[in-house]
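As a basis for the values below, the full set of heavy atoms in this structure was taken, side chains included, without hydrogen atoms, waters or symmetry mates. All of these numbers come straight from a predicted model, not from anything done at the bench. Numbered from 1 within each chain, the chains take letters A, B, ... in sequence-line order.
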Amino acid sequence: MGEVPGVAKAHVGGQLPLSFFDRDPREVAPDLLGAILVSTAGGAVAGGIIVETEAYLGAHDPGSHAATHGMTPRNAVMYGPPGTVYVYFTYGNHYMLNLICGPEGEAGGVLIRALEPTIGLDTLRSRRAGRPDRELANGPGKLAAALGIDLTHNRTTLGEGDLVVYDSAVPSDPVVETSGRVGLSAGHELELRYFVADSSHVSRGRTGPPRTGRARRATHAREGAHDETR
DNA sequence: GACGTGATTGTA
DNA sequence: ACAATCACGTCC
């Protein structure tokens, strides 16, 4: 469905069954690396290869939205059936895409953190105008923006709405590296982040911010260009 | 390195 | 009702 002329989809295999997600998030998260996430939001096909994920568990995971306080209106979706899409809004700006894992009634999910863009590049580029290709989706907020994901996708099911995850047609056997999860005040010490070791499309390496290496050489050579106030 | 931005949540 | 928090991105 939704063929896109000119787009190489040769690497896309079959759709992952929902049973794929009926496991512990710590198993699903690394297994998703190399799979292909496709969005048809807004009527345009866009997607790429998943290169970075994080696992979130239930009540005993201090970094999870399901931690300690039980079910709330927001996190109730985390207790839903495997393959459910959980999108939430944070920092006043950003949407985060998660895929719910484990049996219904048990909270757990995987945050999709970064993508290597391969499908609908023109769409991805227009949604992330001005950024180089490696920064189209190298972070969870950027990824959601690039794929046109928002709260309308929350509580939908993979394969039934705008979002689908496909297996890779080519046997990709990426070298998986782990690290602590990013951006958490609690639970960041748990090594539940998984990423493709040699990918240049991840949000960061094992330590430290992205090695895009451009912030570093921002010498203030161009002082005179005073700008509109800010 | 510092802010914006607004929903969600626990607390008063 | 209120204030803290936040699974981030951008520009300085």
query: So where does chain A start and stop touching DNA chain B, 5' to 3', when the test is distance under 4.0 Å to a non-hydrogen atom?
result: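 The contact span of chain A on DNA chain B goes from B:dG4 to B:dG10.
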message: Does the structure place the NZ or CZ of A:R181 under 6.0 Å from the centre of the six-membered ring of A:Y56, at an angle of no more than 45° from the ring's axis?
response: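 Yes, a cation-pi geometry.
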message: Given the ring of A:Y88, does A:R74 sit roughly above its face, with NZ or CZ under 6.0 Å from the centre of the six-membered ring and within 45° of the axis?
response: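 So A:R74 does make the cation-pi contact.
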Roughly, in whole Å, what's the span from [atom1] in [X] to [atom2] in [N]?
X: A:N93; N: C:dA7; atom1: CG; atom2: P; value: 14 Å
X: A:N154; N: C:dA7; atom1: CG; atom2: C1'; value: 15 Å
X: A:R74; N: C:dA7; atom1: CZ; atom2: P; value: 7 Å

- prompt: Counting only side-chain N and O atoms of A:R113, is one of them less than 4.0 Å from OP1 or OP2 of C:dC8?
  reply: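 Result: yes.
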query: Are OP1 or OP2 of C:dG9 and a side-chain N or O of A:R128 less than 4.0 angstrom apart?
result: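 So the side chain of A:R128 is outside the cut-off, no N or O lying under 4.0 Å from OP1 or OP2 of C:dG9.
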task: With sequence neighbours excluded, tell me which residues meet side-chain contact (heavy atoms from CB on, under 4.5 Å) with A:E189.
output: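 By the side-chain contact (heavy atoms from CB on, under 4.5 Å) rule, A:E189 matches no residue at all.
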message: Tell me every residue that passes side-chain contact (heavy atoms from CB on, under 4.5 Å) with A:E160, counting only those two or more places apart in sequence or in another chain.
response: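 If we apply the side-chain contact (heavy atoms from CB on, under 4.5 Å) test to A:E160, skipping adjacent residues, the hits are A:T157.
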task: With a 3.5 angstrom cut-off on both distances, give the Watson-Crick or G-U wobble partner of C:dA7, or none if there isn't one.
output: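 Its partner: none found.
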- prompt: Should B:dT5 form a Watson-Crick or G-U wobble pair with both distances under 3.5 Å, which nucleotide is its partner?
  reply: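 Across any shown strand, B:dT5 pairs with none.
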task: Using heavy atoms and a sub-4.0 Å distance, could you list which residues of residues 48-55 of chain A are near DNA chain B? By number, please.
output: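 Nothing qualifies; none.
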Can you tell me how far apart [atom1] ([X]) and [atom2] ([Y]) are? Round to the nearest 0.5 Å.
X: A:I119; Y: A:T40; atom1: CD1; atom2: OG1; answer: 11.5 Å
X: A:D133; Y: A:L124; atom1: CG; atom2: CG; answer: 8.5 Å
X: A:E52; Y: A:H201; atom1: CD; atom2: NE2; answer: 12.5 Å
X: A:S199; Y: A:N138; atom1: OG; atom2: CG; answer: 9.5 Å

Atom pairs, protein N/O to nucleotides 3-6 of chain C N/O, distance under 3.5 Å:
residue	atom	partner	partner atom	Å
C:dC6	OP1	A:S185	OG	2.9
C:dC6	OP2	A:S185	OG	3.3
C:dC6	O2	A:T90	OG1	3.4

message: According to side-chain hydrogen bond (donor to acceptor under 3.5 Å, both in side chains), does anything in residues 13-36 of chain A pair up with another residue at least two apart or in another chain? List the pairs.
response: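 Those involving residues 13-36 of chain A are A:R23-A:D31, A:D24-A:R26.
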message: On DNA chain C, compare the nucleotides closest to A:Y88 and A:R131; which residue's is nearer the 5' end?
response: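 Nearest-nucleotide comparison on DNA chain C picks A:Y88.
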message: Tell me whether A:R113 is salt-bridged to A:E54, with the criterion being a basic N under 4.0 Å from an acidic carboxylate O.
response: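 Salt bridge present between A:R113 and A:E54.
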task: Using a 4.0 Å heavy-atom cut-off across all strands, classify A:R181 as base, sugar-phosphate, or nothing.
output: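 No contact at all - A:R181 keeps every heavy atom at 4.0 Å or more from the nucleic acid.
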Check: A:T178 and A:R193 side chains under 4.5 Å, non-hydrogen atoms: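 Contact flag for A:R193/A:T178 side chains = no.
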